[in-house]
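Treat the numbers as computed from the prediction; the structure is a model and nothing was measured. Just so we're on the same page: letters track the sequence lines, and every chain starts at 1.
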Amino acid sequence: MSPDEWKRELEATAPELARELKTKKEPEKGLPELPLDGRSVVMRFAPNPNGPPTLGSARGMVVNSEYVKKYDGKFIIRFDDTDPQTKRPLLEAYQWYLEDCEWLGAKPHEVIIASDRIPLYYEFAEKLIQKDGAYVCFCEQEEFKNLKDAKRACPHREQGVEKNIGYWKKMLAGDYGEHEAVLRIKTDITHKDPAIRDWVAFRIIRTPHPRVGDKYVVWPLLDFESAIEDHLCETTHIIRGKDLRDSEERQKYIYRYMGWTYPKTLHWGRVKILEFGKLSTSGLKKAIAEGVYTGWDDPRVPTIRAIRRRGIQPEALRKYMLDLGMGETDISMSMDGIYAENRKLVEPMSNRYFFVWDPVELEIEHAPSVVSKPPLHPSDSRGVREIQVDGRVLVCRDDVARLEPGARLRLKDLYNIEVTCMEPLRARFIGADIDTVKREKLRIIHWAPVDGIAVRVLSPDGEFKGIGENGIRNELHRIVQFERFGFVRIDSINREVVAYFTHD
RNA sequence: GCUCCGAUAGUGUAGCACGGCCAAUCAUGCGAGACUCUCACUCUCGCGACUGGGGUUCAAAUCCCCAUCGGAGCACCA
């Protein structure tokens, strides 16, 4: 039977089903629904504050907080700062995370700092030992790995609850050095996935913690701390990178010992940003220390602080992050998408100005003394700029390169000229009417007054130096468009204007 | 080596749980044009994808198997 015949057959026997065939399934908008179990939604974003939030962090902030908004739940930011050594927290970063969250419209309802709650973790560790769900292990790393790979238990695994309690107390008392003892969670030493077998919950670190100093020498690892916190906070849904997929399986052993219910989990893939390549937090830290970048908000760096300084609007970033969805595939995203969103937001609000980079002076013979009055915005009538011109202006070297003697062109919003000499650059005035421009299809270039203000634009691709019109002085901290150049955010105005490039 | 996962246009995404509405959605990108005293914005038109091979079925992007490619974990990092 052909599909057509099949349809006719269905039409005859069950017309209501045939109708259903014709109605289009409407596509779901926005984030996919979360599986709910009647409890009110609690989600958390759990960064390690060992550097400022990056574009990658933005995804965690936006998506978690968006879900919480959607279900009217609770959003927690939790600082997983339990490693004073390898991933040492940066004291300022705690505040940076909070600032960037707020800026992104992802203000948390609660802030939890793991390093404040170490004694709490100790309590649960002891409970687990009592339940024979954890043991103190004295094996060397190599030694344990070999046993684990062979699915064999180490000698400490069955030493008994009493001994474990004793050893644990000694650990806490500081009786052991680093690497001498760890607390392991008893899972299944023959588990088919080697990543699950008797993992470490606590280790000894003598390096002082930036926040709490040398108060503790026994520090939990992520899986332990996270497992306990997610239960205490009544987290209902966890979104984590797929690199942490095994965490769920590991942590579930604790949940089983304690009789708790594990939150629902979702995973997403890695995000690579084309324009920034592979810049790790530690790599950036090093480059900044070496002076390659000026700081964590250098326009060449993929931190939220940096793109914020460049004038990216939080709504643009939010929308883009939401559009990325919840896929488990690795993503290589391009800043183009963010720029496109941003351009729509910024275009209507940005005043226009002339900025001439790499300027060349142009003298115009027989030019009248005039005041040019270009509009502040091309379509939205909000007034004009006023620029006095007396026969001399600055133009871009790029534009000059395309000229030759005899070339006729329009100086935008000023008048028409004909080039008479290239070096030095001279032209003669040939009128001011715009009709000539349209009729002859003259090239239109922008210009700047010779007494304009010095402008330096910092962009991901380097620096542009030139002269801009003086009206730019009124735009501190605002986003403007430099015509035929792009959008910039005016960062500071002193002897010169410093602008951060947003996008073109 | 052992364990997982994923694959739709250049990029991102919808569709896949329940096979026909899909010669496959939307956005961005790219190309052509209109508008414009900016290379911005807006508008019109166009380009461009179901990784491959088998199987099940009247019917497969959707279900099954194999292959390929990509990613992750097996840390006293997060």
Side-chain angles (χ1 to χ4, degrees), chain A residues 1-7 9-10 20-25 27-29 32 46-48 50 80-83 85-88 137 139-141 144-145 148-149 151 178-184 191-197 199-205 219 221-223 225-226 240-247 249-250 267 269-271 274 281-282 319-320 323-334 336-341 343-344 346-348 350 352 354 374-375 377-380 410-414 416 434 437-438 442 444-446 481-487 503-504:
Chain A
M1 207 186 290
S2 79
D4 276 347
E5 290 170 306
W6 208 91
K7 266 180 198 162
E9 179 76 15
L10 185 65
E20 199 175 309
L21 271 182
K22 289 195 177 78
T23 52
K24 192 130 182 129
K25 282 182 206 159
E28 239 177 68
K29 277 290 241 174
N48 176 358
N50 63 339
D80 285 346
D81 59 343
T82 56
D83 179 4
Q85 207 160 55
T86 321
K87 294 215 169 153
R88 184 155 235 273
C137 174
C139 291
E140 289 198 13
Q141 281 183 61
F144 187 86
K145 180 177 165 41
K148 180 196 72 179
D149 287 346
K151 300 186 179 180
E178 291 185 2
H179 301 283
E180 265 187 62
V182 295
L183 186 76
R184 287 186 187 279
H191 195 287
K192 61 174 182 169
D193 182 350
I196 309 301
R197 301 172 197 157
W199 50 275
V200 175
F202 286 86
R203 81 303 211 185
I204 294 162
I205 296 177
W219 287 90
L221 278 101
L222 174 74
D223 276 314
E225 177 264 344
S226 185
R240 48 165 73 108
K242 64 177 184 181
D243 51 322
L244 258 32
R245 188 184 284 280
D246 289 337
S247 282
E249 185 67 14
R250 277 198 284 255
H267 301 93
R270 286 173 67 98
V271 177
L274 255 40
T281 301
S282 52
K319 181 162 191 310
Y320 189 76
D323 279 349
L324 250 32
M326 285 299 307
E328 288 196 26
T329 38
D330 295 339
I331 291 169
S332 54
M333 61 168 255
S334 145
D336 281 353
I338 296 173
Y339 294 161
E341 291 302 339
R343 197 172 290 118
K344 287 177 198 153
V346 130
E347 198 279 335
S350 302
R352 268 51 175 180
F354 291 146
H377 191 276
S379 53
D380 181 23
R410 170 74 170 184
L411 294 174
K412 187 170 184 289
D413 298 302
L414 187 60
N416 312 329
I434 195 67
V437 177
K438 296 192 171 169
L442 296 187
I444 298 166
I445 67 169
H446 71 293
Q481 189 202 47
F482 286 163
E483 296 196 44
R484 303 210 307 145
F485 181 76
F487 294 91
H503 46 66
D504 54 18

| said: For the P atoms, the ones on B:rU44 and on B:rC35, what distance do you get once it is rounded to whole angstrom? | reply: 15 Å
| note | Testing B:rA40, B:rC2, B:rG71 for proximity to the side chain of A:Phe487, the answer is B:rA40
| field | Minimum heavy-atom distance between A:Val346 and A:Phe487, given as atom pair plus value | value | CG1-CD2, 3.3 Å
| request: Kindly point out which of B:rU38, B:rA27, B:rC77 is positioned nearest to the side chain of A:Lys344? | output: B:rA27
| What is the distance from CG of A:Leu222 to C1' of B:rC77, rounded to the nearest Å? | 9 Å
| Which nucleotide sits closest to the side chain of A:Glu328: B:rC76, B:rC5, B:rG73? | B:rC5
| task | Could you give the distance separating B:rG10 and B:rG33 at their P atoms, to the nearest angstrom? | result | 24 Å
| request: Can you figure out which of B:rG12, B:rU3, B:rC41 approaches the side chain of A:Arg343 most closely? | output: B:rC41
| If you look at every heavy atom in A:Glu328 and A:His267, which pair is closest and at what distance? | CG-O, 3.4 Å
| query | What integer number of Å spans the C1' atoms of B:rU51 and B:rU8? | reply | 10 Å
| query | Choosing from B:rU3, B:rG12, B:rG29, which nucleotide comes nearest the side chain of A:Asp336? | reply | B:rG29
| request: Go through B:rC77, B:rC76, B:rU38 for me and flag the one nearest to the A:Arg184 side chain. | output: B:rC76
| query | Who does B:rU56 pair with, Watson-Crick or G-U, both distances under 3.5 Å? | reply | none
| said: Using the side-chain heavy atoms of A:Lys145, tell me which of these nucleotides is nearest: B:rG71, B:rA78, B:rA75. | reply: B:rA75
| query | Rounding to the closest angstrom, what is the interatomic distance between B:rC30 and B:rA7 at atom C1'? | reply | 24 Å
| remark: Taken to the nearest whole Å, CD/A:Glu140 to P/B:rC76 is 13 Å
| task | Scan A:His446 against the nucleic acid and name what it touches under 4.0 Å (heavy atoms): base, sugar-phosphate only, or nothing. | result | nothing
| said: Could you check whether any side-chain heavy atom of A:Leu221 comes within less than 4.5 Å of a side-chain heavy atom of A:Trp199, counting everything from C-beta outward? | reply: no
| note | Among the nucleotides B:rC76, B:rA27, B:rG71, whichever has the atom closest to the side chain of A:Lys242 is B:rG71
| said: Distance check needed: B:rG10 P versus A:Met333 CE, whole Å only. | reply: 19 Å
| request: Quote, to the nearest angstrom, the P distance that separates B:rC16 from B:rU62. | output: 12 Å
| said: What is the separation between atom CG on A:Asp330 and atom P on B:rU8, rounded to the nearest whole Å? | reply: 11 Å
| note | Scanning all shown strands, the Watson-Crick or wobble mate of B:rG19 with both distances under 3.5 Å is none
| said: Once you apply a heavy-atom cut-off of 4.0 Å, does A:Lys87 come out as touching a base, just sugar-phosphate, or nothing? | reply: base
| field | A:Met326 vs A:Gln141, nearer the 5' end of RNA chain B by closest nucleotide | value | A:Met326
| remark: For B:rG46, the nucleotide meeting Watson-Crick or G-U wobble distances (both under 3.5 Å) is B:rC30
| message | Whole angstroms only, please: what is the CD1-P distance between A:Ile338 and B:rG12? | response | 14 Å
| query | Rounded to whole angstrom units, what separation is found between the CG atom of A:Leu221 and the P atom of B:rG73? | reply | 15 Å
| message | Less than 4.0 angstrom from a charged side-chain N to a carboxylate O is my criterion; do A:Arg343 and A:Asp504 meet it? | response | yes
| With rounding to whole Å, what would you report as the distance between B:rA49 and B:rG29 at their C1' atoms? | 15 Å
| task | Sticking with atom P, work out how far B:rG52 lies from B:rU36, rounded to a whole angstrom. | result | 47 Å
| Base, sugar-phosphate, or nothing: which does A:Thr82 touch, judged by heavy atoms less than 4.0 Å apart? | sugar-phosphate
| query | Rounded to whole angstrom units, what separation is found between the CD atom of A:Gln85 and the C1' atom of B:rA78? | reply | 14 Å
| request: Report the nucleotide, chosen from B:rA40, B:rG12, B:rU38, that has the shortest atom-to-atom distance to any side-chain atom of A:Glu347. | output: B:rA40
| request: State whether the distance check finds a donor on one side and an acceptor on the other, under 3.5 Å, for side chain A:Glu341 versus base B:rU28. | output: no
| message | Less than 4.0 angstrom from a charged side-chain N to a carboxylate O is my criterion; do A:Glu140 and A:Lys145 meet it? | response | no
| query | What is the pairing partner of B:rU13, taking Watson-Crick or G-U wobble pairs with both distances under 3.5 Å in any strand? | reply | none
Output a table of nitrogen or oxygen pairs between the protein and nucleotides 35-37 of chain B separated by less than 3.5 Å.
residue : atom : partner  : partner atom : Å
B:rC37  : OP2  : A:Lys438 : NZ           : 3.1
B:rC37  : O2'  : A:Lys412 : NZ           : 3.1
B:rC37  : O2   : A:Arg410 : NE           : 3.3
B:rC37  : O2   : A:Asp413 : N            : 2.8
B:rC37  : N3   : A:Arg410 : NE           : 3.3
B:rC37  : N3   : A:Arg410 : NH2          : 2.4
B:rC37  : N3   : A:Asp413 : N            : 3.1
B:rC37  : N4   : A:Arg410 : NH2          : 2.5

| field | Exercise: identify the closest heavy-atom pair between A:Ala46 and A:Asp80 | value | CB-OD2, 3.4 Å
| message | For a quick check of understanding: with a heavy-atom distance under 4.0 Å over all strands, which category does A:Asp80 fall into, base, sugar-phosphate or nothing? | response | sugar-phosphate
| query | Distance between the C1' atoms of B:rC65 and B:rC26, in whole angstroms? | reply | 34 Å
| said: Which is it for B:rA9, anti or syn, if anything within 90° of zero counts as syn? | reply: anti
| Rounded to whole angstrom units, what separation is found between the CZ atom of A:Arg270 and the P atom of B:rG70? | 15 Å
| Which atoms form the tightest heavy-atom contact between A:Leu442 and A:Arg410, and what is the distance? | CB-N, 4.4 Å
| remark: 5'-most contact on RNA chain B (nearest-nucleotide basis), A:Asp223 vs A:His191, goes to A:His191
| request: Any strand is fair game: report the nucleotide pairing with B:rC41 by Watson-Crick or G-U wobble, both distances under 3.5 Å, or none. | output: none
| task | Would you indicate which nucleotide in B:rU11, B:rC76, B:rG71 comes nearest to any side-chain atom of A:Ser332? | result | B:rU11
